Amino acid sequence: MAIKVNDLEGKELARDYIREAIPTGRWSDAWGVFKSNILKLVLINVFILITFVPGVAIVWVRGAYIAGLDSVYPFNSSILYPFYPDISGLAEGVRLSSDLLFYSLLIVAGFIASLGIAGGGYSIKKMLANHGGFKITDFFRGIKVGYFNTVVPVTIFMLFMFSSLVLGDWKNLVAAQGGNYAGALTAFIFMVIATVFAGVYCGWLFAVGISYKVTFKQLFKNSFLMMVGTPLQTVFMAGFSLIPVWIILIGSFFQMIGLFVFIFIGFSFILVCWMAFTQWGFDLYVNPALKAATDKAKANRTEKEIKEDEEADGKRAARELLAAGRSELIARPVMPVSAEPAVKKLGKTFTRANLAGVNGDRLKLAEDLKAYEEAHKNDPVYAEYNKLFAEREKALASPVDKKGKKKKKISADNLLK
């Protein structure tokens with residue numbers, strides 16, 4: 001399927017590395033990265049696991065809370081009829097009210113889990129791009145550049161998941177009370193289907209968001225295009241990536257194995273599979289060119305070298321701004337010259353009153369010029385012209401110096417001073 005994602009090219013979030021097309025194939029390279037960097041992946045998994053602790057705690061407290069109610073409410077299986085009246089639906093009602101509380105808190109816990117997902121996703125994306133390179137700072141840089149684009153899809157998916165679980169409880173409640181639950185069952189089925197689709201789509205939202213610097217509109221648009229451009233591959237890889245989850249859902253002995261896997265490498269496994277797949281999709285549709293050796297060397301710069309290069313770029317941009325020749329005659333509104341002189345002329349002879357009148361005319365002219373400029377400064381011809389230079393100069397602000405004072409701004413006004 002032909003799709004257009006040209007607006008992604010050149011916008012990759014890759015400050016300290018270059019993503020290359022892999023001649024040997026993305027999958028072969030991803031497997032090589034996985035098997036040769038197990039300890040790094042375990043470390044990343046631990047970082048992610050820490051951010052999931054609040055969510056795990058909420059799920060555990062929910063289970064303990066419901067178990068406690070089961071032991072005291074009259075639906076305990078050890079108490080039989082007729083020692084208590086008909087309480088059909090009481091247990092289901094308790095679960096519904098409990099899930100409304102605890103699963104809504106789980107949505108909030110997703111904000112914290114997004115920290116680990118953003119950092120882990122960026123770190124693994126970088127490892128796949130440069131064949132296993134990883135630093136601890138990569139994890140925190142991933143949080144910095146990708147948190148917002150991670151928390152959005154996580155929250156969307158959690159809202160869909162919350163709706164599915166609550167509708168499931170409602171369906172069980174209606175059925176236990178003997179009512180017609182066809183409507184509740186239909187709503188539950190459609191919500192489960194919507195949650196699956198939302199989960200797949202949010203996976204692409206996450207992948208695009210931590211890989212490219214794009215606007216909110218481009219994020220949703222390109223994620224949808226990537227999903228519909230690889231429908232079968234997306235469904236298969238989404239299922240394959242979640243192998244640790246499927247192991248837990250089998251139950252019994254396999255549940256313990258699944259939990260063990262999650263503690264050590266489960267999250268990393270999911271991210272390696274999904275990021276390798278999405279990078280393959282970007283290779284397919286964004287078509288990054290193989291970078292020259294000079295570009296590869298440039299990607300391995302230190303933070304100090306990056307800052308020096310950025311400063312040099314700023315000076316170069318300032319020189320371009322200076323060369324563009326910003327004109328005050330165009331940048332500022334100038335009141336047209338009237339037919340009548342604004343300042344009275346003095347004759348060959350004049351008095352102090354004549355001088356005072358001329359001085360008053362000059363002051364009035366200055367006020368009129370200022371008032372005219374203020375009234376017309378937002379006219380399109382001036383606003384667009386000033387916007388061009390304002391956007392350039394805004395990007396040229398230097399960081400603070402060693403003493404904590406802000407450095408002088410590099411601009412067309414001070415570049416040659």
Side-chain angles (χ1 to χ4, degrees), residues 55-56 58-110 113 152-206 220 223-224 227-228 231-232 234-252 254-255 258:
V56 174
I58 290 172
V59 173
W60 183 85
V61 171
R62 170 195 171 273
Y65 177 76
I66 293 177
L69 292 179
D70 284 347
S71 65
V72 296
Y73 270 44
F75 42 69
N76 191 304
S77 59
S78 62
I79 305 175
L80 302 175
Y81 183 84
F83 296 104
Y84 61 82
D86 183 17
I87 53 166
S88 300
L90 180 59
E92 289 75 12
V94 168
R95 278 161 178 74
L96 176 58
S97 60
S98 300
D99 289 349
L100 283 171
L101 170 63
F102 287 103
Y103 287 143
S104 60
L105 292 176
L106 202 58
I107 297 175
V108 179
V152 168
V154 168
T155 303
I156 292 173
F157 175 70
M158 292 303 298
L159 287 171
F160 274 88
M161 180 66 74
F162 172 80
S163 301
S164 296
L165 294 169
V166 170
L167 283 175
D169 290 339
W170 176 49
K171 170 185 67 68
N172 294 335
L173 176 61
V174 174
Q177 291 176 339
N180 184 356
Y181 66 97
L185 177 61
T186 302
F188 173 67
I189 292 173
F190 275 100
M191 183 51 67
V192 169
I193 295 173
T195 301
V196 173
F197 277 101
V200 174
Y201 180 53
C202 288
W204 273 112
L205 279 177
F206 165 68
F220 280 86
S223 300
F224 179 76
M227 182 179 68
V228 299
L232 297 178
T234 294
V235 172
F236 174 79
M237 285 307 302
F240 182 81
S241 301
L242 295 175
I243 285 179
V245 177
W246 307 138
I247 295 175
I248 291 178
L249 294 178
I250 293 174
S252 66
F254 291 97
Q255 187 175 38

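None of the values given here were measured: they were computed from a predicted structure.
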Residues two or more places apart in sequence or in another chain: which of them pass side chain to side chain contact (heavy atoms under 4.5 Å, CB included) with Leu165? Tyr103, Met161
State which residues pass side chain to side chain contact (heavy atoms under 4.5 Å, CB included) with Ile250; sequence neighbours excluded, sorted by chain then number. Phe254
Scan Leu167, Asp169, Val166 and name whichever one has a side chain to side chain contact (heavy atoms under 4.5 Å, CB included) with Phe188. Leu167
Taking every non-hydrogen atom, the tightest pair across [X] and [Y]:
X	Y	result
Thr234	Met227	OG1-O, 4.0 Å
Ser97	Val94	OG-O, 2.9 Å
Trp170	Leu96	N-CD1, 4.3 Å
Ile58	Ala109	CD1-CB, 3.9 Å
Pro153	Cys202	O-SG, 3.3 Å
Ala184	Lys171	CB-CA, 3.8 Å

Do any side-chain atoms of residues 238-246 form donor-acceptor pairs under 3.5 angstrom with protein atoms, and if so which ones, sequence neighbours left out?
| from | atom 1 | to | atom 2 | distance (Å) |
| --- | --- | --- | --- | --- |
| Ser241 | OG | Met237 | O | 2.6 |
| Trp246 | NE1 | Gly239 | O | 2.8 |

If I take atom CG from residue Leu185 and atom CG from residue Asn172, how far apart are they, to the nearest 0.5 angstrom? 10.0 Å
Say you draw a straight line from OG1 of Thr155 to CD1 of Ile107; how long is it, rounded to the nearest 0.5 Å? 8.0 Å
Residues forming a side chain to side chain donor-acceptor pair (under 3.5 Å) with Asp99, sequence neighbours excluded: Arg62
Sequence-distant partners of Ser164, side chain to side chain donor-acceptor pair (under 3.5 Å), two or more places apart: Thr195
Could you work out, with ring pair (Phe, Tyr, Trp, His ring centres under 6.0 Å) as the rule, every residue matching Phe162, not counting sequence neighbours? none
Show the numbers, then the answer: is there a side chain to side chain contact (heavy atoms under 4.5 Å, CB included) between Leu232 and Phe236? CA-CA 6 Å; Leu232 297 178; Phe236 174 79; over 6 Å; no
Any side-chain heavy-atom pair of Met158 and Leu106 under 4.5 Å: yes
Parallel, tilted or perpendicular: which one describes the rings of Tyr201 and Phe220, with boundaries at 30° and 60°? tilted
